Every structure is written in structure tokens, then in C-alpha cells.
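Here's the structure we're looking at; comments come further down.
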Protein chains: 2
Amino acid sequence: MKNELPSTSRSLPIALIRAREGVMAPIRDMLSATGLTEQQWRVLRVLAEFGPLDSSTLADRASLLFPSLTRIVSAMAKRNLITQTRDSTDRRRQIIEIAEAGQTLIDEYADEAAQIAGSFRARLGDENYEQLLDLLAMLDPAQRD
Amino acid sequence: MKNELPSTSRSLPIALIRAREGVMAPIRDMLSATGLTEQQWRVLRVLAEFGPLDSSTLADRASLLFPSLTRIVSAMAKRNLITQTRDSTDRRRQIIEIAEAGQTLIDEYADEAAQIAGSFRARLGDENYEQLLDLLAMLDPAQRD
DNA sequence: TAGCAATCATTGATATGTTAAGGACAACAT
DNA sequence: ATGTTGTCCTTAACATATCAATGATTGCTA
């Protein structure tokens, strides 16, 4: 039996890309005022929520690959948005913590970011929004079990 | 009234990224055997489905920005996967068409790609899968109206 | 305790995403 | 026919994604 490729208009990868474009557009508009990239914002968000983290955990929670994280963290440290500390018991590890300037940015833009998030929830409706998150989680390789 | 930022674990942008990772992983595994990138595969898929297209339409249907498309198309033309022709009536435009080698790749891997797509549909169930596509479409800026 | 494998992180190389600027052509008004 | 404006596409510049290779430590083991 032969499987037909779905039309690209009903292709899951393409639908995910387009949805992401739609969601990120207003966020990027907001971020352009901060000088932060989307990924840098994600790093700050995670650090603000969970406190100091080692690189592995941070990479995991911000959904960034290690090589990207290395470069992003290094750029953010130069701007004093975060601090990097070597773990004293295991010098391979690195602890990353949000710095004052980073926390200030978060505080300054949290409201606007929350409003953007809220606008998408409003567009879909609460129930659809929650279900979308649940369905997306089912595709997340980290949560498959 | 104050909006709270949602926890990153229930953040829509992050959920979209992770879902995309999960969906693309097996596709990338497949593509590694072809020497195609994910985007090149998408270009071939669109051209195979719709026939020869001008760059704008192709960019739109493959969800690629123009600068990316320029580079991708140029790389694919070098490998004779596609052909580029200047539009005779409007020399600004370019018509892009799948070439024999490109069509061969599509034919060769269509089954495997369809099976991967089918496995995600099976994981979510038909109904959930369709609803996911519908919800994602609601976030697509091109379909908002 | 010297050697080796495993872990954590960085670097390199190539492709793409993103924004801004530029180049070529077309359509239109004067 | 000329200049202006708009459209289609490319180039440039920078940041990120991805995979592969390498460096730096640690932990284990003979």
C-alpha cells in the first residue's frame, strides 16, 4: 500500500513554521526596541523564572543547542545581561545567572510580552489555546513518554 | 491590571519550537541520505506539487524569505535539481522548475516521507491531527482574514 | 597512579533566518 | 522620451541552527 505525500498546504512542518512566524512577528517588533534577539530574550526569560542554571539545563529549558548557547551566552555576558561562573566542584560546568541589566529588561518588557501572549490566547479562545499547547507537547521529543 | 508572563513551559513560541524539533528529527534523518537540506526538500516538494513557479510564489508556498530562496535556488541549480529561466515578458521575474534529478529524488523518497507524516498522524489520532493543523492555521499571518 | 572513557563545553564550517540596502527592470505620469 | 515610483530580486551583514571535530575535566579502572 502506497502512502501519498500530503499536500504542502496540509504539511505539519510547514504549518509549524508558519504558525511560528505569526507568533514571533509581534514579539520581534517588541524586541527590536530592546536590542535583544529572540533567543537572548528566551535565555533571560528562563533565567528569570528558574534562577541560576548550569549550561545544560539552560540549553534544555530555552530549547537551544549547545553551540548556539555558547555563542549567545558569550554575547550576553559582554553586555552584562548575565554572569558566567565556573562551578567550583566541577570545572567543566558553568553556572549562568541573570544580571541586573538583564533583570531590568525583563521587568521593563514583561507586561508588553504578556499582552502579546494574551492576544494569541484571545484569538484562539482559552480552550483552543490550551489544547494547542497540549497537542504541541505531544510532538515534543522530550515529553514523548 | 497586570498580565503575568506565562511560565516558559507553557509558552507558545517555545512549544512551537519544540514541536518542530520533534517533527523534523525523523525528516532530517531521512534527508541526510539525500544530501538535501530541509529547505531544499521543501522547495522540491512545492515544485513537484504545483509545477513551474516564479520566485515570489515559490517563496510564499515554501515559507521561505527571499534572501534565503535566492541562495537555496542558486545552490540547487548548481546541482541540477532545478532550472531557472528568466520570464520573457518581465525580465525581473524568474521561473523555477524542477529538473529530472530533483524529480527523481522526490519519487525516491516520497514513500518514506509519507510514512513519517503518517506516523505523526497516528501518534495524535486523525481528529487531533486535523485540529492541530486548523489551530496552527489560525496563527498563520497569511490566513488571518 | 597512569591511562582511558565519558561528560561538559567550545570551535569550525556550512546553511538558513532576518533586516537593510542596492540593482535591474517595468509601469506610469508628465 | 524622460523622470518617478514601484516591483522583483540580489547582496551584505549579522545571528542562529546544525553537525562534526576538538579541548578541558572528571571518574573509573587496571
Side-chain angles (χ1 to χ4, degrees), chain A residues 13-14 16-18 20-43 53-60 62-79 81 84-96 141, chain B residues 13-14 16-18 20-43 53-60 62-79 81 84-96 141:
Chain A
I14 291 182
L16 287 168
I17 291 172
R18 293 196 170 143
R20 197 171 134 61
E21 278 174 37
V23 169
M24 289 315 301
I27 298 179
R28 264 198 293 271
D29 289 345
M30 177 194 85
L31 290 180
S32 70
T34 69
L36 292 175
T37 66
E38 175 196 330
Q39 289 81 355
Q40 292 174 338
W41 174 253
R42 225 154 65 219
V43 166
L53 294 176
D54 65 278
S55 297
S56 306
T57 311
L58 176 55
D60 187 56
S63 281
L64 292 168
L65 294 180
F66 250 105
S68 296
L69 186 67
T70 295
R71 286 152 185 150
I72 292 167
V73 158
S74 140
M76 293 177 77
K78 270 184 200 155
R79 288 180 54 191
L81 299 171
Q84 303 171 277
T85 321
R86 287 250 153 250
D87 185 322
S88 49
T89 60
D90 184 342
R91 270 180 291 182
R92 288 171 304 185
R93 284 171 188 281
Q94 190 182 170
I95 306 298
I96 296 159
Chain B
I14 292 183
L16 288 168
I17 290 172
R18 292 196 170 143
R20 197 171 134 62
E21 277 174 38
V23 169
M24 289 315 301
I27 298 179
R28 265 199 291 272
D29 289 345
M30 176 194 86
L31 289 179
S32 71
T34 70
L36 292 176
T37 66
E38 177 197 329
Q39 289 80 356
Q40 292 175 337
W41 174 254
R42 224 153 67 219
V43 166
L53 294 176
D54 66 279
S55 296
S56 306
T57 311
L58 176 55
D60 187 56
S63 279
L64 292 168
L65 294 180
F66 252 99
S68 297
L69 186 67
T70 295
R71 291 179 294 221
I72 292 168
V73 159
S74 139
M76 292 176 78
K78 270 185 200 155
R79 287 180 54 192
L81 299 171
Q84 303 172 276
T85 321
R86 286 253 153 247
D87 184 323
S88 50
T89 61
D90 184 342
R91 269 180 291 183
R92 289 170 304 184
R93 284 171 189 280
Q94 191 183 174
I95 307 299
I96 297 159

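Remember, it's a predicted structure, so these values are computed and weren't measured experimentally. In what follows, every chain begins at residue 1, and chains take the letters A, B, ... in the order their sequences are listed.
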Original post:
Rounded to the Å, how far apart are A/Ile17 CD1 and C/dT16 C1'?
Top reply: 11 Å
Original post:
Expressed in angstrom and rounded to an integer, what is the separation of B/Arg91 atom CZ from C/dA24 atom P?
Top reply: 13 Å
Original post:
How far does the helix from C/dT1-D/dA30 to C/dT30-D/dA1 bend, going by the axes of its first and last five pairs, to the nearest 10°?
Top reply: 10°
Original post:
So do the side chains of B/Arg79 and B/Leu36 get within less than 4.5 Å of each other, counting heavy atoms only?
Top reply: yes
Original post:
Which pair of heavy atoms, one from A/Arg86 and one from A/Arg93, lies closest together, and at what distance?
Top reply: NH1-O, 3.2 Å
**OP:** Specify the separation, in whole Å, of atom CD of B/Gln94 and atom P of C/dC25.
**Re:** 13 Å
**OP:** Give the minimum heavy-atom separation between B/Gly35 and B/Gln40, together with the two atoms involved.
**Re:** O-OE1, 4.0 Å
Original post:
Is a side-chain donor or acceptor of B/Arg42 paired with a backbone partner of A/Ile14 at a separation under 3.5 angstrom?
Top reply: no
Subject >> Reported CG-to-OG distance for the pair A/Leu69 and A/Ser74, which is rounded to 0.5 angstrom >> reply: 10.5 Å
**OP:** Check the distance between C/dG17's P and A/Met24's CE and give it to me in whole angstrom.
**Re:** 15 Å
Subject >> Within residues 65-77 of chain A: residues closer than 4.0 Å to DNA chain C (heavy atoms) >> reply: A/Phe66, A/Pro67, A/Thr70, A/Arg71
**OP:** Provide, to the nearest angstrom, the distance between the CG atom belonging to B/Asp54 and the P atom belonging to C/dC25.
**Re:** 18 Å
Subject >> Most 5' of B/Arg86 and A/Arg92 on DNA chain D, judged by nearest nucleotide >> reply: B/Arg86
Original post:
Would you call B/Leu64 and B/Ile72 a side-chain contact if the rule is heavy atoms closer than 4.5 Å?
Top reply: yes
Original post:
Nearest-Å distance, CG (A/Asp90) to C1' (C/dT7)?
Top reply: 8 Å
**OP:** Grab the CG-P distance between B/Leu64 and C/dT19 for me, whole Å please.
**Re:** 15 Å
Subject >> N/O (side chain, A/Arg28) to phosphate O (OP1/OP2, C/dT18) under 4.0 Å >> reply: yes
**OP:** Select from A/Glu38 and A/Ile95 the residue whose nearest nucleotide in DNA chain C is closer to the 5' end of that strand.
**Re:** A/Ile95
Original post:
What is the 5' to 3' range of DNA chain D, first to last nucleotide, that sits under 4.0 Å from any heavy atom of chain B?
Top reply: D/dG6 to D/dC19
Subject >> Phosphate OP1/OP2 of C/dG17 contacted by A/Gln39 side-chain N/O (<4.0 Å) >> reply: no
Subject >> Atom pair CG/CD1 of B/Leu81 and B/Ile96 - distance to nearest 0.5 Å >> reply: 12.5 Å
Original post:
Between A/Leu16 and B/Leu16, is any pair of side-chain heavy atoms under 4.5 Å apart?
Top reply: yes
**OP:** Measure from CD on B/Gln40 to C1' on C/dT14 and round the result to the nearest Å.
**Re:** 11 Å
Original post:
For A/Ser88 and B/Thr57, take the nucleotide of DNA chain D holding the closest heavy atom to each; which residue's nucleotide lies nearer the 5' end?
Top reply: B/Thr57
Subject >> Heavy-atom side-chain contact between B/Ser68 and B/Arg71 under 4.5 Å >> reply: yes
